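To start, the structure itself, in structure tokens.
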Amino acid sequence: MLDAKMIRANPDAVEAALRNRNMPGALDNFLELDEQRRSLLGQVEEIKKFRNQASQEVGKLKKQGLDAAELMEKVRLVGQEIKELDEKLNLIESGIEKILLNIPNIPHESVPVGEDESSNQEMRLWGEPRKFDFEPLAHWDIGPNLDILDFERAAKLSGARFTVYKGWGARLERAVINFFLDTHSKHGYQEIFPPFMVTADCMRGTGQLPKFADDMFKIEGRDMYMVPTAEVPLTNLYREEILEERDLPLYMTAYTACFRAEAGSHGRDTRGIIRQHQFNKVELVKIVAAENSYDELEKLTLDAERVLQLLGLPYRVILLSSGDMGFSSAKTYDLEVWMPSYNEYKEISSCSNCEDFQARRANIRYRPGSKEKIRYVHTLNGSGVAAGRTVAAILENYQQKDGSVLVPEVLRPYMGGLERIEK
RNA sequence: GGAGAGAUGGCCGAGUUGGCUGAAGGCGCUCGCCUGCUAAGCGAGUAUACGGCUAAUACCUGUAUCGAGGGUUCGAAUCCCUCUCUCUCCGCCA
């Protein structure tokens, strides 16, 4: 959520930034409503002031044993007026809130302006795609061949876009998750194991609601949702709190299953485990003071990159353009891992600085110094990284001519020492 | 699922015969004093949001806020209703 005062002071700049995000007109009639609100607020407050003074007067008169009937009647009539104005005001304020909740974050000045992914910038490249001396298979063939991924039986259980992992496949998924958590814990992130279902308030706090309700799985009969990412529970852990400066920065990491309805994406990545309704992910979340949030974004991205490096998976880092960024983000780096089956790099992590956008929605603040005013924190999040896509990348990048798959060295301790998955 | 207790400021905790109570007291924190240092002690200060005024996110000023929403009343932290959450006991359950 943007600061209403900021919009009021720089409407043109905000409008321009929203155009860059392909959201022209998102400001809607905010300015008119805001103007109406302030004038109405002035009126009601004036009347309330009178009521407060008059009521006190009534108290005094009664205490002296004097007649206060006339004044009481006057205040009673004014009460009607207050009620009507308050209702009008509530209507306007909910209109303003609706607009504000649907406005995306403003891109940081370092973000390239562009309509879509064609304006993204490649920041760096790590590793080199392997040259195969045989025709490499896609993971959706390797998995069933080794009997470690079972798409057909998964469909029997849950329909399309679900996968059953079996045997060493199941073990590999778990190994990857544990390796991620251990690595991030070692680098200062506190491990958290949150609920997989959260309230609508949480979803509003991180920006999934109200705009993206269709992307999520809602719990029947409850105001709750399956988490689409651990970013939601982790960031909302400190919702409605005032933190002390010494508490910051907070670094957290968590494994959760992630649940996404992904309405509208049907037809993309239909094969394999790239796009699923349920997938596993280890997330990184930081809650920091405003001054260092961009340094923290660089460090968080490097923390996410580290696990790919340790796994020996080639990847690149992409700076997303203004038109390609997520709703809550002010600046996002995507990590893309090399996938031989696609013969291109495929998103495996997204690292964002949301600045105070989520903090405003979730009301997460901190006390900078003893004398200074309370301020909103900055929140950051990044996948560290998606487990399912990592398993797919391992299967494809580590496949051998005989159909077996080498286990990356760092994962072997998590696989009972296994060096190679074979039939 | 059944029965009961509770929800107050950064934290703890008063206040429930309705009326200067935005809210006692304590802790914490800040500034100052004091004492070789530290600890202790003394004094002062210390909520948030949204308006108005303003160059100001500084003063000053107004309104709102005692879990949330609604009601009664001239006036509600205090009375009534609904909801949410927490705790205790019973049942059920991994």
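The structure displayed is predicted, hence computed values, not measured ones.
With rounding to whole Å, A/K62 atom NZ is found 18 Å from B/U17 atom P. Atom C1' of nucleotide B/U48 and atom CD1 of A/I242 are separated by 7 Å, given to the nearest angstrom. When rounded to the nearest whole Å, the span between CD1 of A/I47 and P of B/A64 equals 12 Å. As rounded to whole Å, 18 Å separates atom P of B/C50 from atom CD1 of A/I92. In this structure, CD of A/E93 is placed 12 Å from P of B/G69, rounded to the nearest angstrom. To the nearest angstrom, P of B/G51 lies 7 Å from CG of A/D34. Straight-line distance from the CZ atom of A/R239 to the C1' atom of B/G67: 13 Å, rounded to whole Å. Taking atom CD of residue A/E240 and atom C1' of nucleotide B/A68, one finds them 12 Å apart after rounding to whole Å.
Picking from B/A64, B/G19, B/G51 the nucleotide with the shortest atom distance to the side chain of A/N52 gives B/A64. Of the candidates B/C74, B/A49, B/C50, the closest approach to any side-chain atom of A/L41 belongs to B/C50. With distances taken from any side-chain atom of A/V58 to the nucleotides B/C74, B/G52, B/U63, the minimum falls on B/C74. For A/R51, whose side chain is taken as the heavy atoms from C-beta onward, the closest listed nucleotide among B/A64, B/G62, B/G51 is B/A64. Closest to the A/K48 side chain, of the nucleotides B/G51, B/A49, B/U63, is B/U63. Comparing B/A49, B/A64, B/C74 by their closest approach to the side chain of A/R365 singles out B/A49.
The same atom, C1', is picked in B/C85 and in B/A68; the two are 10 Å apart, to the nearest Å. Look at the P atom in both B/A77 and B/G22: the space between them is 8 Å, to the nearest Å. Distance check on atom C1': B/A55 versus B/C33 gives 38 Å, rounded to whole Å. Rounded to whole Å, the P atom of B/G6 lies 26 Å from the corresponding atom of B/U21. Separation of the P atoms belonging to B/C80 and B/U72 is 15 Å when rounded to the nearest angstrom. The gap from the P atom of B/U16 to that of B/C11 amounts to 23 Å, rounded to the nearest Å. Separating the P atom of B/C42 from that of B/G25 is a span of 15 Å, rounded to the nearest Å. Taking atom P in both B/A14 and B/G4, the straight-line distance is 24 Å, to the nearest Å.
Judged by Watson-Crick or G-U wobble contacts below 3.5 Å, the nucleotide B/G18 has no partner. The nucleotide B/C87 finds its pairing partner in B/G4, both defining distances of the Watson-Crick or G-U wobble pair being shorter than 3.5 Å. Across all strands shown, B/U30 forms a Watson-Crick or G-U wobble pair, both distances under 3.5 Å, with B/A44. Partner assigned to B/A58 is none, using Watson-Crick or G-U wobble distances below 3.5 angstrom. B/C37 makes up no base pair with any nucleotide shown, lacking Watson-Crick or G-U wobble contacts both under 3.5 Å. For B/A23, there is no paired base (Watson-Crick or G-U wobble, both distances below 3.5 Å). Across all strands shown, nothing is found opposite B/C93 as a Watson-Crick or G-U wobble partner with both distances under 3.5 Å. Checking B/U78 for Watson-Crick or G-U wobble geometry (two distances, each under 3.5 Å) identifies no partner in any strand.
Between A/H277 and A/F259, a ring centre-to-centre spacing not shorter than 6.0 Å is recorded. For A/F151 and A/F162, the ring centers sit 6.0 Å or farther from each other. Under the 6.0 Å cut-off for aromatic ring centres, A/F212 and A/F327 qualify, their centroids lying closer than that.
Classification of A/R8 and A/D34 as a salt-bridged pair holds, one side-chain N sitting under 4.0 Å from a carboxylate O. Taking the charged nitrogens against the carboxylate oxygens, A/E45 and A/K48 have no contact shorter than 4.0 Å, which rules out a salt bridge.
Backbone-only contact: A/R37 has heavy atoms under 4.0 Å from sugar-phosphate atoms and none from a base. Among the atoms of the strands shown, none is found under 4.0 Å from any heavy atom of A/R222. At the heavy-atom level, A/K60 lies nowhere under 4.0 Å from the strands shown. Contacts of A/I374 with the nucleic acid, taken as non-hydrogen atoms under 4.0 Å apart, involve only primed sugar atoms and P, OP1 or OP2.
Heavy-atom distances to RNA chain B give each of A/Y376 and A/R76 a nearest nucleotide, and the one nearer the 5′ end belongs to A/Y376. Of the two residues near RNA chain B, A/A54 and A/E45, the one whose nearest nucleotide lies more 5' is A/E45.
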Q: Test salt bridge (Lys or Arg N to Asp or Glu O under 4.0 Å) on A/D86 and A/K83 and set out the steps.
A: CA-CA 5 Å; A/D86 265 342; A/K83 205 173 166 183; over 6 Å; no
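Between A/R38 and B/G52 there is a side-chain N or O to OP1 or OP2 distance below 4.0 Å. Not one side-chain nitrogen or oxygen of A/R8 sits closer than 4.0 Å to the OP1 or OP2 atom of B/C50. Within the 4.0 Å cut-off from OP1 or OP2 of B/G71, at least one side-chain nitrogen or oxygen of A/K83 is found.
Annotation: the span from A/S341 atom OG to A/Q399 atom CD amounts to 9.0 Å, rounded to 0.5 Å.
Of the N and O atoms on the side chains of A/S321 and A/E117, not one donor lies less than 3.5 Å from an acceptor on the other residue.
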